[in-house]
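Okay, structure first, notes after.
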Amino acid sequence: MQIAQYKLQNNVLLAPMAGVTDRPFRQLCHRLGAGLVVSEMLSSNPEVWKSQKSQQRMNHDGETGIRSVQIAGSEPHLMAQAAQFNVQNGAQIIDINMGCPAKKVNKKLAGSALLQYPELVEDIIAAVVSAVSVPVTLKIRTGWNTENRNAVEIAKIAERNGIQSLAVHGRTKACMYKGEAEYDTIKAVKQEISIPVVANGDITTPEKAKFVLDYTGADGVMIGRGAQGNPWIFEAINHYLATGKQLPAPALSEVRDVLIEHIQNVHQFYGELMGARIARKHVGWYLAEHDSKSFRRAFNAIDDANHQIEALQAFFEELAIAQLEAKSASVAATAA
Ligand SMILES: Cc1cc2nc3c(=O)[nH]c(=O)nc-3n(C[C@H](O)[C@H](O)[C@H](O)COP(=O)(O)O)c2cc1C
């Protein structure tokens with residue numbers, strides 16, 4: 001997939017997720033095969049740029065891969081200013097958020113609330129596109145609610161105002177995250193515009209990614225929650241799309257090494273205190289599928305990097321021993 005001058009390394013993208021796709025996680029997903037990673041959203045309100053959270057979100061020092069930065073807001077001139085500011089700060093793509101359903105965002109008429117106002121959508125896109133020389137992409141939902149599913153109208157506005165790629169989450173704002181994503185609207189969008197279309201929503205397996213690509217004709221897929229604690233999903237999908245075959249799940253030792261490297265990077269980037277909090281979230285996601293409730297409870301009480309790493313090492317050692325014991329018990333049972 002090509003976004004203006006940028007040829008992506010593949011068509012499986014990481015979705016922006018505030019509170020999840022922090023810089024260390026994005027870098028990890030990029031290293032493990034995501035075709036493009038998009039930053040968590042940044043408000044267009046310059047008053048909040050000085051906050052520690054915004055400063056960290058704006059820090060691109062040493063970031064590898066194409067730096068796509070998402071902005072959210074509702075006033076065209078502020079959105080244009082935010083786009084310029086982020087480009088000066090290192091953004092190589094500006095992504096506009098018209099998909100977020102959060103009350104806090106929607107009550108300021110930003111995120112998916114904008115879908116109710118196509119004229120304002122056009123003004124924002126035109127202002128941002130003319131303010132920067134880098135490609136501008138857009139992320140939307142299928143509409144505000146079922147009665148107003150206007151993704152095709154918004155897509156046409158986006159294309160004629162210079163948007164270079166459009167990601168569509170197959171739910172309306174009213175759906176929030178309930179029910180299942182639908183892909184008919186994404187298919188209709190793809191048929192009506194010629195810029196790249198990226199399908200998003202409930203893609204959590206390689207088979208689902210293939211189904212959605214085939215069904216919608218989209219140019220790429222975007223993975224959100226399916227990547228939480230599972231940065232291997234990009235490689236798994238890419239491999240399946242290329243060969244029709246499944247990759248084996250990562251070995252326990254690989255999960256351990258990647259998770260520990262990730263947690264070290266989180267501490268390095270965010271510092272001890274905030275790092276410990278962010279690390280807890282990610283560890284919870286990585287270990288959700290293991291029998292780890294009591295470990296996670298204990299882990300959540302640890303607040304320094306070294307002890308967090310030591311605890312993870314001990315957890316994986318125990319898990320490896322338990323797996324070996326289970327294997328030899330099953331071999332013994334078969335032999336008996
Ligand atoms: C915790 C969380 C935070 C999110 N933050 C953003 C955001 O900052 N910007 C955005 O455009 N979408 C955001 N989204 C929406 C996702 O990008 C994506 O569209 C949605 O999760 C559906 O994809 P999925 O089913 O693969 O998760 C967020 C979703 C979640 C679950």
Side-chain angles (χ1 to χ4, degrees), residues 11-23 25-26 29 34-44 48 53-54 56-58 68-74 79 82 86 93-106 108 110-115 121 124 136-143 151 154 158 163 165-183 185-186 189 197-209 211-213 216 218 220-231 233-234 236-237 278 281-282 284-285 288:
N11 306 333
V12 187
L13 284 58
L14 173 66
M17 290 186 287
V20 181
T21 53
D22 47 63
R23 154 91 175 260
F25 187 63
R26 295 201 303 277
C29 291
L36 181 71
V37 301
V38 185
S39 79
E40 303 161 273
M41 68 179 137
L42 275 158
S43 167
S44 64
V48 305
K53 197 164 145 187
S54 295
Q56 272 158 339
R57 285 189 184 180
M58 286 174 184
S68 173
V69 172
Q70 188 182 67
I71 57 172
S74 58
M79 288 290 275
N86 280 290
I93 293 178
I94 292 292
D95 185 55
I96 303 178
N97 179 338
M98 295 194 188
C100 179
K103 256 201 192 124
K104 201 170 99 183
V105 175
N106 284 185
K108 291 182 197 144
S112 58
L114 288 164
L115 301 176
V121 166
I124 291 172
V136 180
T137 60
L138 177 66
K139 181 159 177 287
I140 63 172
R141 285 188 169 226
T142 52
I154 301 290
I163 288 292
S165 157
L166 176 70
V168 188
H169 175 190
R171 285 188 176 84
T172 64
K173 131 81 198 185
C175 291
M176 299 299 287
Y177 290 94
K178 293 190 292 272
E180 283 181 23
E182 57 89 11
Y183 306 108
T185 308
I186 302 177
V189 165
V197 171
V198 180
N200 170 240
D202 296 352
I203 301 171
T204 53
T205 61
E207 294 92 327
K208 186 77 182 275
F211 165 78
V212 173
L213 282 170
T216 60
V221 283
M222 181 177 262
I223 316 296
R225 291 162 296 171
Q228 283 181 216
N230 184 16
I233 194 169
F234 300 98
I237 294 176
I278 293 174
K281 289 191 296 190
H282 285 287
W285 293 321

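Bear in mind that the values here come from a model prediction, so they are computed numbers and not experimental data. For ligands, and for the atoms within them, numbers begin at 1 and follow the listed sequence.
The shortest N or O to N or O distance between P16 and ligand 1 is below 3.5 Å. Below 3.5 Å of separation, one finds no N or O of Q228 facing any N or O of ligand 1. Taking distance alone, with nitrogen or oxygen atoms compared against 3.5 Å, I223 stays at or beyond that limit from ligand 1.
Formation of a donor-acceptor pair under 3.5 Å by the D202 side chain with backbone atoms of A181 is found in this model. Judged purely by atom type and a 3.5 angstrom limit, Y183 uses its side chain to pair as donor or acceptor with the backbone of G201.
Annotation for ligand 1: atoms under 4.0 Å from non-hydrogen atoms of D202 are 24 (P), 25 (O), 26 (O).
Counting heavy atoms closer than 4.0 Å to ligand 1, residue K139 contributes side-chain atoms (C-beta onward) but none from N, CA, C or O. Counting heavy atoms under 4.0 Å from ligand 1, residue R225 touches it through both backbone and side chain.
Between the OG atom in S112 and the NE2 atom in H169 there is a gap of 10.5 Å [rounded to 0.5 Å].
The cationic atom of R26 (NZ for Lys, CZ for Arg) does not lie both less than 6.0 Å from the six-membered ring centre of F234 and within 45° of the ring axis.
Annotation for K108: atom NZ does not count as buried by contact number, only 12 or fewer foreign heavy atoms lying within 6.0 Å.
The shortest heavy-atom distance from G19 to ligand 1 is not under 4.0 Å.
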